[in-house]
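The structure appears below as structure tokens.
Just so it is clear, the values below take in all heavy atoms, side chains as well, and ignore hydrogens, waters and symmetry mates. A, B, ... follow the sequence lines: proteins, then strands. Residue 1 opens every chain.
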Protein chains: 2
Amino acid sequence: MYSTTEENYLKTIYKLQIQLGTFINTNAIADGVNTKAASVTDMMKKLSEKKLLSYEKYKGVQLTEKGKKVAIETLRKHRLWETFLHNQLGFTWDAVHDIAEQLEHIQSNELVEKLDAFLGFPTHDPHGDPIPGRNGVIKESNFILLSVLQKGEKGIISGVVNHSSLFLQHLEKNKLTLGKTIAINEVSSFDLSVKAILDGKEKIQLSNEVVKNILIKKLI
Amino acid sequence: MYSTTEENYLKTIYKLQIQLGTFINTNAIADGVNTKAASVTDMMKKLSEKKLLSYEKYKGVQLTEKGKKVAIETLRKHRLWETFLHNQLGFTWDAVHDIAEQLEHIQSNELVEKLDAFLGFPTHDPHGDPIPGRNGVIKESNFILLSVLQKGEKGIISGVVNHSSLFLQHLEKNKLTLGKTIAINEVSSFDLSVKAILDGKEKIQLSNEVVKNILIKKLI
DNA sequence: CTAAATTTTTAGACTAGCCTAAAAATATTT
DNA sequence: AAATATTTTTAGGCTAGTCTAAAAATTTAG
Ligand SMILES: [Mn+2]
Ligand SMILES: [Mn+2]
Ligand SMILES: [Mn+2]
Ligand SMILES: [Mn+2]
């Protein structure tokens with residue numbers, strides 16, 4: 001139905017709309033799809049022509065319901081495939097994104113639904129991001145930043161803000177994976193680094209750069 | 001490394017080489033990749049430039065070792081994905097081909113190897129076709145046509161000649177699936193249709209059109 | 001409120017892959 | 001051995017998607 005390129009544009013715009021509000025500017029899109037502003041302008045005209053978004057010169061861009069639907073379907077496929085790669089094939093969480101970036105464009109509704117069932121209708125992908133349902137509904141999780149936890153509080157690692165391989169590998173190496181419990185012992189008022197207990201056993205120390213990129217579900 | 005289009009050309013030429021001999025002509029390729037002869041000539045120049053095949057004007061085309069390697073890798077991926085779709089996701093054998101036609105172009109060696117392991121290193125796809133190994137070796141199976149069996153002989157259904165959805169659905173509907181045993185009771189000398197026993201139980205009647213498109217492993 | 005900086009759009013060009021129509025080469029008949 | 005038919009190649013053109021450089025619009029600063 002839509003090309004790989006079109007789906008990538010729509011998915012990127014959708015994600016930008018979530019984090020930045022409604023009107024998305026050309027440069028942000030160019031950055032997101034890894035191309036130049038001139039190419040984005042071209043594509044915006046085409047997508048607007050196809051009623052996937054509304055575009056007004058110099059004013060930015062906004063997805064229509066139709067465009068949002070395609071974006072969410074693509075996101076759904078991406079996250080289901082990431083889950084497959086991680087849970088079934090044993091890929092580490094830093095390796096799944098690039099492959100899912102290709103797999104998300106395979107066209108077959110039957111495949112998506114069968115994959116979903118095969119995986120047991122997962123609600124979150126390996127990075128803790130919510131997987132949109134068949135109906136297109138996304139249950140946004142109310143995770144909070146680990147950096148807002150105070151001394152004495154604890155939570156379960158449930159997601160990440162930064163999705164880069166470098167960061168994910170760093171977490172993996174330090175056993176900071178989804179499901180682990182972190183209890184804050186002390187927050188340095190000098191560099192905001194944190195001393196904590198991992199899973200009630202191990203003493204660990206985390207830089208502010210790390211704690212502000214981990215999402216947790218607060219306990220009690 | 002190579003585009004979807006290039007991989008499709010190479011895979012098609014490889015299959016033609018298997019069934020027709022070494023030099024493959026333009027029209028056969030055009031037919032295989034569903035395009036026009038003029039487009040094939042263009043592409044042959046490009047693939048020849050990249051040393052994937054040898055091309056001499058008006059003389060036809062032949063894969064190099066390099067080209068053969070790419071073709072076999074693509075065939076390996078195609079058949080592994082078909083196996084995944086059938087064995088794990090429960091797709092019927094007539095539905096897997098079109099989706100595998102897309103999946104075979106996903107680029108990741110690690111994915112192929114992990115998928116292979118996940119599937120238990122299968123040797124044949126859902127149509128009975130052999131799956132090339134990681135080394136690129138294909139164990140050609142010595143299946144024979146059901147139509148060569150004589151009265152009193154029997155065999156196990158192990159593959160198909162015709163891969164069309166229509167034929168596969170017909171077989172499915174008549175429970176003529178891989179692994180079933182067929183014992184010949186009688187061959188009509190009028191229309192070459194066959195009376196047989198399926199799995200030692202059920203009496204069946206098969207047209208010549210059907211028996212000459214089923215491959216079996218002969219018993220005793 | 002004008003001037004400078006930034007962002008966005010246009011203009012023109014490129015590649016991959018495809019097409020049609022015509023020309024050239026090869027194969028088949030007579 | 002011509003004549004005819006078929007196959008293949010060339011020529012020229014199309015679309016999707018990309019780029020650079022220049023022009024136009026908008027935003028920010030003085
Ligand atoms: Mn991802
Ligand atoms: Mn993810
Ligand atoms: Mn197939
Ligand atoms: Mn097959």
Fill in: Lys/Arg-Asp/Glu bridge criterion (N-O < 4.0 Å) met for B/Lys11, B/Glu104
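B/Glu104 and B/Lys11: salt-bridged.
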
Would you say [X] places a side-chain N or O within less than 4.0 Å of OP1 or OP2 belonging to [N]?
X       : N      : answer
B/Lys45 : D/dT10 : yes
B/Tyr2  : C/dA16 : no
A/Thr35 : D/dC19 : yes
B/Thr26 : D/dT9  : yes
B/Ser3  : C/dA16 : no
A/Lys46 : D/dA16 : no
B/Ser39 : C/dG17 : no
B/Tyr55 : D/dT9  : yes

Practice prompt. On the 0 to 90° scale, with breaks at 30° and 60°, tag the A/Phe118-B/Phe84 ring pair as parallel, tilted or perpendicular.
Written response: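 It falls in the perpendicular class, over 60°.
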
Worksheet item: Between B/Phe167 and B/His170, what is the ring plane arrangement, given parallel below 30°, perpendicular above 60°, and tilted in between?
Response: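 Geometry flag for B/His170 against B/Phe167: parallel rings.
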
Could you check which of [options] has an atom nearest any side-chain atom of [X]?
X       : options                : value
A/Asn27 : C/dC18, C/dT10, C/dT7  : C/dT7
A/Lys59 : D/dT26, C/dT20, C/dA11 : D/dT26
B/Tyr58 : D/dT10, C/dC18, C/dA24 : C/dA24
A/Lys57 : C/dT10, C/dG17, C/dT8  : C/dT10

Worksheet item: Mapping B/Ala38 and A/Thr4 onto DNA chain D by nearest heavy atom, which one lands closer to the 5' end?
Response: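 Checking each residue's closest nucleotide, the 5'-ward one belongs to B/Ala38.
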
Taking [atom1] from [X] and [atom2] from [N], how many angstroms apart are they, rounded to a whole number?
X       : N      : atom1 : atom2 : answer
B/Met44 : C/dC18 : CE    : P     : 10 Å
B/Lys36 : D/dT9  : NZ    : C1'   : 16 Å
A/Ile29 : C/dT8  : CD1   : P     : 9 Å
B/Met43 : D/dT8  : CE    : P     : 17 Å
A/Glu49 : D/dT15 : CD    : P     : 14 Å
A/Leu10 : D/dG17 : CG    : P     : 11 Å
A/Asp42 : D/dA21 : CG    : P     : 17 Å
B/Glu6  : C/dT15 : CD    : P     : 15 Å

Could you tell me if [Y] and [X] have a donor-acceptor pair between their side chains, going purely by distance under 3.5 Å?
X        : Y        : result
B/His97  : B/His127 : no
A/Trp93  : A/Glu172 : yes
A/Ser188 : A/Asp191 : yes

Practice prompt. Determine the contact category for A/Thr41: base if any of its heavy atoms lies under 4.0 Å from a base atom, sugar-phosphate if only primed atoms, P, OP1 or OP2 are that close, otherwise nothing.
Written response: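 If one applies the 4.0 Å heavy-atom cut-off, A/Thr41 turns out to touch a base.
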
Discussion item. Classify A/Asn25 by what it touches in the nucleic acid, base, sugar-phosphate, or nothing, heavy-atom distance under 4.0 Å.
Written reply: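 Since only primed, P, OP1 and OP2 atoms lie under 4.0 Å of A/Asn25, the category is sugar-phosphate.
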
